[in-house]
Student: 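Following this message is one structure expressed as C-alpha cells.
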Amino acid sequence: MIILGDDSQRTQGKDAQSMNITAGKAVAESVRTTLGPKGMDKMLVDSSGGVVVTNDGVTILKEMDIDHPAANMIVEVSETQEDEVGDGTTTAVVIAGELLDQAEELIEQDVHATTIAQGFRQAAEKAKEVLEDNAIDVSADDRETLIKIASTAMTGKGAESAKDLLAELVVDAVLAVTDDDGSIDTENVSIEKVVGGSIDNSELVEGAIIDKERVDENMPYMVEDANVALFDGALEVRETEIDAEVNVTDPDQLQQFLDQEEKQLKEMVDQLVDVGADVVFVGDGIDDMAQHYLAKEGILAVRRAKSSDLKRLARATGGRVVGSLDDIEESDLGFAGSVGQKDIGGDERIFVEDVEDAKSVTLILRGGTDHVVDELERAIEDSLGVVKTTLNDGKVLPGGGAPETELSLQLREFADSVGGREQLAVEAFAEALDVIPRTLAENAGLDPIDSLVDLRARHDGGEFAAGLDAYTGEVIDMENEGVVEPLRVKTQAIESATEAAVMILRIDDVIAAGDLSGGQTGDDDDGDEMPPGGGMGGMGGMGGMGGAM
C-alpha cells in the first residue's frame, strides 16, 4: 500500500535522530567561539552584500541562512532567551548543543530517547533549585550592583572599552522608566545612533529626541522652561463631514470665506496661547497661516509627529495627548527644561530634555563607524534587559562559569539518588554543563582541563562564587570581582536548552513533502522551510549556514 507521494522523503529511527542532533550541534558550534569576555566576532554577509559584525548569539543566528527545521529549534532557544532576559543567548545555545552531543552518546549505548528526556528534565529541575538556593539578593537601591550587572552584560562586546560609563547610563535609564508600581518597560528607553565621535561621548538625555524640525524658520530655535502641548490632530481648517461646494458670485464673498478660514486658524492658535503653551507637537499637518500665527506668538511647533512619538513625549514631559483643542486645559500641558532644535550626526532633531522625573529617556550612542554603533546598540539592549530582569526578580548569580561548575558537581551527586537508566541522563546533563567553563577557557587561550580541575577543586571546597578569570587564567571569587548576572539568565538558559534538546531527541521519523526537496523547487520558494532529506546532503539550509560563516 502506497501512502506517501513518489517524491516524498522519509527518514526513520536512529538515522532521523542522528541527522537532527547533527544539525543542532552544528548551530551551537557556530556561535561557541563568541562566548565570554575573550569571545571572537563573526562577520555575516547577506546576498545583497550587507555586512554585520557581531558576537551577539541571537544576532548571528538570525542573520545566518538556516533552513533545517531541527536547527531552527535551536535558533528559537536563542530568540526565547533574548525575549525573556535579553542576555545569555550564546550560553543557552551552547548548552543545548552539548546536551544533544551527550544524548547521542547515550543513544549509541542503547539508552532510549524518552529515558534520556526524562533524565534531562529531572536534572533541569534540580539545577534550577540549586541556582535559586544559591542566588544573591539585590535591592533596587543597590546601584553599585546594578552597574556591575550592566557592565558584565557588555563584557566581550564592542562596548567594553567604555563599559563603566555605559553601565551607569543604562542603570540611570532603567531606573528613570521604572513606574511607581515597579513595572519597567524598556521600550521607553529610546536609542539614537550617531556615527562620529567616540563611544566615550555617548550620553543619556532625560527626555525625548524627535526626528523632526520646527515648521517655520521664524519660530524660536530654543525654548527654555517650556510648557509642551501634545495634539493628535491637525492645525488646519476643519473640513465638513459630507462633500460640499461653495459657490462664490462676488469678490467680497470670497474675501469673507478666506477671512472665516483665517479666523478659525487664529482661534486654534489662541486656544494654545490661552492655556500657556510654548511648544506644540501636532500629529497631523499645520496650515501655513497657522504657522504664521504660531511664529508670531513665539511658539515652537512640530507637525506630523508619529503616534509613538506623542506617547513618548507624554511620558517624558508628564503631559497628556489631546484629540481636540476645544478640550485642552492647562493641566494637559507637559513641562521640559528646554526644547530646541539641535544637530545630531548631521541631522536636525528636536530635543525635549532637562525633564525632572522623565518616564521616557533617550540614549545617544556614538561610535566611529556604522558597525561600531550597531554592535554598541546590541550591547546596550542586552544590558538594559539584564538590569530590568534584576530589578524585577531581585536575584543574581556570580559569572565566570561558577554556576555551571557548581551545578555539574551537585548534579553528579544527585544522579546517585535517581533510579534506573535516567541516572545516566542526569550524569550526562552534568557533563554537558561543563561546556560553559570549558569554552570560556578555550576562548581565552587557556588549557580547558587545567581550568576545569581548578574550578572543581574550589567548588568542592564550598566556594560557590569561584569562577574563571579569562584575562589572568586564575580562579577567583566572581562575586567580589563584581562579575554577576541575573538568576533568570541561567534558569531560562537551562530551561530553554533542555526543552529544545528533549524535543529534538523525541523525533524518530521525519517526513518531507517532495515539492520541498532541496528547498529550491517551485516558483513560490521563499526558503522558509527545508526538508531534512536523508542526511546532511538533504539539510538544505546548512550549506547557507556554512556560507555565512
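Sequential numbering from 1 along the given sequence is applied to the chain's residues.
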Student: Is any side-chain N of the basic residue among Arg378 and Glu381 closer than 4.0 Å to the acidic one's carboxylate O?
Tutor: no
Student: Looking only at atom types and distance, does a side-chain atom of Thr186 sit under 3.5 Å from a main-chain N or O of Val189, one as donor and one as acceptor?
Tutor: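 No, the answer is negative, given that no donor and acceptor are paired below the 3.5 Å cut-off.
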Student: Are more than 12 heavy atoms, taken from residues, nucleotides or ligands other than Glu192, located less than 6.0 Å from that residue's CD atom?
Tutor: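 Above 12, so yes.
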Student: Residues two or more places apart in sequence or in another chain: which of them pass salt bridge (charged side-chain N to carboxylate O under 4.0 Å, His left out) with Asp450?
Tutor: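 With neighbours one apart ignored, the set is empty.
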Student: Looking at Glu144, I'd like to know if its CD atom is crowded, meaning that more than 12 non-hydrogen atoms belonging to other residues, nucleotides or ligands lie closer than 6.0 Å.
Tutor: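 Atom CD in Glu144 is not packed in, count stays at 12 or less.
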Student: For Lys311, does the NZ atom sit with more than 12 other heavy atoms under 6.0 Å from it, leaving out its own atoms?
Tutor: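 Count not over threshold, so no.
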Student: Is it the case that the side chain of Lys163 and the backbone of Thr155 share a donor-acceptor pair, with hydrogens and angles ignored and the cut-off at 3.5 Å?
Tutor: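 The answer is no, because no donor-acceptor pair under 3.5 Å joins these two groups.
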Student: Check side-chain contact (heavy atoms from CB on, under 4.5 Å) between Val58 and all other residues, then give those that pass, not counting sequence neighbours.
Tutor: Asp56, Lys62, Ser78, Glu79, Glu82, Thr89
Student: Can you check whether Asn227's main-chain N or O pairs, donor with acceptor, with Asp278's side chain at less than 3.5 Å?
Tutor: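 At least one qualifying donor-acceptor pair exists.
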Student: Say whether, by atom type as modelled, one donor and one acceptor occur between the side chain of Asn443 and the main chain of Arg32 under 3.5 angstrom.
Tutor: yes
Student: Just jot down the side-chain contact (heavy atoms from CB on, under 4.5 Å) partners of Val215, sequence neighbours excluded, or say none.
Tutor: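 Only Met219, Ile286, Gln291, Ala301, Arg303 meet the side-chain contact (heavy atoms from CB on, under 4.5 Å) criterion with Val215.
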Student: Using a 3.5 Å cut-off and no angle test, enumerate the donor-acceptor pairs between side-chain atoms of residues 404-411 and protein atoms at least two apart in sequence or in another chain.
Tutor:
{"unit_1": "Glu404", "atom_1": "OE2", "unit_2": "Lys490", "atom_2": "NZ", "d": "2.7"}
{"unit_1": "Thr405", "atom_1": "OG1", "unit_2": "Gly401", "atom_2": "O", "d": "2.8"}
{"unit_1": "Glu406", "atom_1": "OE1", "unit_2": "His459", "atom_2": "ND1", "d": "2.7"}
{"unit_1": "Glu406", "atom_1": "OE2", "unit_2": "Gln410", "atom_2": "NE2", "d": "2.8"}
{"unit_1": "Ser408", "atom_1": "OG", "unit_2": "Arg412", "atom_2": "NH1", "d": "2.3"}
{"unit_1": "Ser408", "atom_1": "OG", "unit_2": "Ala430", "atom_2": "O", "d": "3.0"}
{"unit_1": "Ser408", "atom_1": "OG", "unit_2": "Asp434", "atom_2": "OD1", "d": "3.1"}
{"unit_1": "Ser408", "atom_1": "OG", "unit_2": "Asp434", "atom_2": "OD2", "d": "3.3"}

Student: Hey, does the side chain of Arg488 reach the backbone of Thr491 with a donor-acceptor pair shorter than 3.5 angstrom?
Tutor: no
Student: Using side chain to side chain contact (heavy atoms under 4.5 Å, CB included), reason through Leu363 and Glu377 one step at a time and then give a plain yes or no.
Tutor: CA-CA 10 Å; Leu363 277 166; Glu377 180 185 25; over 6 Å; no
Student: Around Glu187, counting heavy atoms of other residues, nucleotides and ligands shown, do more than 12 lie under 6.0 Å from its CD?
Tutor: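 For Glu187, atom CD is not crowded (no more than 12 foreign heavy atoms under 6.0 Å).
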Student: Counting distance only, does the side-chain N/O of Ser151 pair as donor-acceptor with the main-chain N or O of Ile147 below 3.5 Å?
Tutor: no
Student: Any carboxylate oxygen within less than 4.0 angstrom of a Lys/Arg side-chain nitrogen, looking at Lys148 and Asp142?
Tutor: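 A salt bridge is absent here (no side-chain N lies under 4.0 Å from a carboxylate O).
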Student: When you measure from the side chain of Ser383 to the backbone N and O of Ala379, does any donor-acceptor pair fall under 3.5 Å?
Tutor: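 Not confirmed, Ser383 side chain does not pair with Ala379 backbone.
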Student: Among residues at least two apart in sequence or on other chains, which ones pass side-chain contact (heavy atoms from CB on, under 4.5 Å) with Arg320?
Tutor: Val322, Asp332
Student: Would you name the heavy atoms of Val396 and Thr390 that are closest together and state the gap between them?
Tutor: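 Looking at all heavy atoms of both residues, the closest pair is CG1-CG2, 3.7 Å.
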Student: Using modelled atom types and a 3.5 Å cut-off, is there a donor and acceptor pairing between side-chain atoms of Arg438 and backbone atoms of Pro448?
Tutor: no
Student: Take a 6.0 Å sphere around CE of Met40 and say whether it holds more than 12 heavy atoms from other residues, nucleotides or ligands.
Tutor: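 Result for CE/Met40: open.
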Student: I want to check something: taking the side chain as every heavy atom from C-beta on, are Val53 and Glu375 in contact at a cut-off of under 4.5 Å?
Tutor: no
Student: I'd like to know if the side chain of Lys25 and the backbone of Glu98 have a donor-acceptor N/O pair within less than 3.5 Å.
Tutor: no
Student: With distance as the sole test, does Asp347 use its side chain to make a donor-acceptor pair with the main-chain N or O of Ile344 at under 3.5 Å?
Tutor: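 Such a contact is absent between Asp347 side chain and Ile344 backbone.
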Student: Can you name the residues that form a salt bridge (charged side-chain N to carboxylate O under 4.0 Å, His left out) with Asp172, not counting sequence neighbours?
Tutor: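 Counting only residues at least two positions away or on another chain, Asp172 forms a salt bridge (charged side-chain N to carboxylate O under 4.0 Å, His left out) with Arg143.
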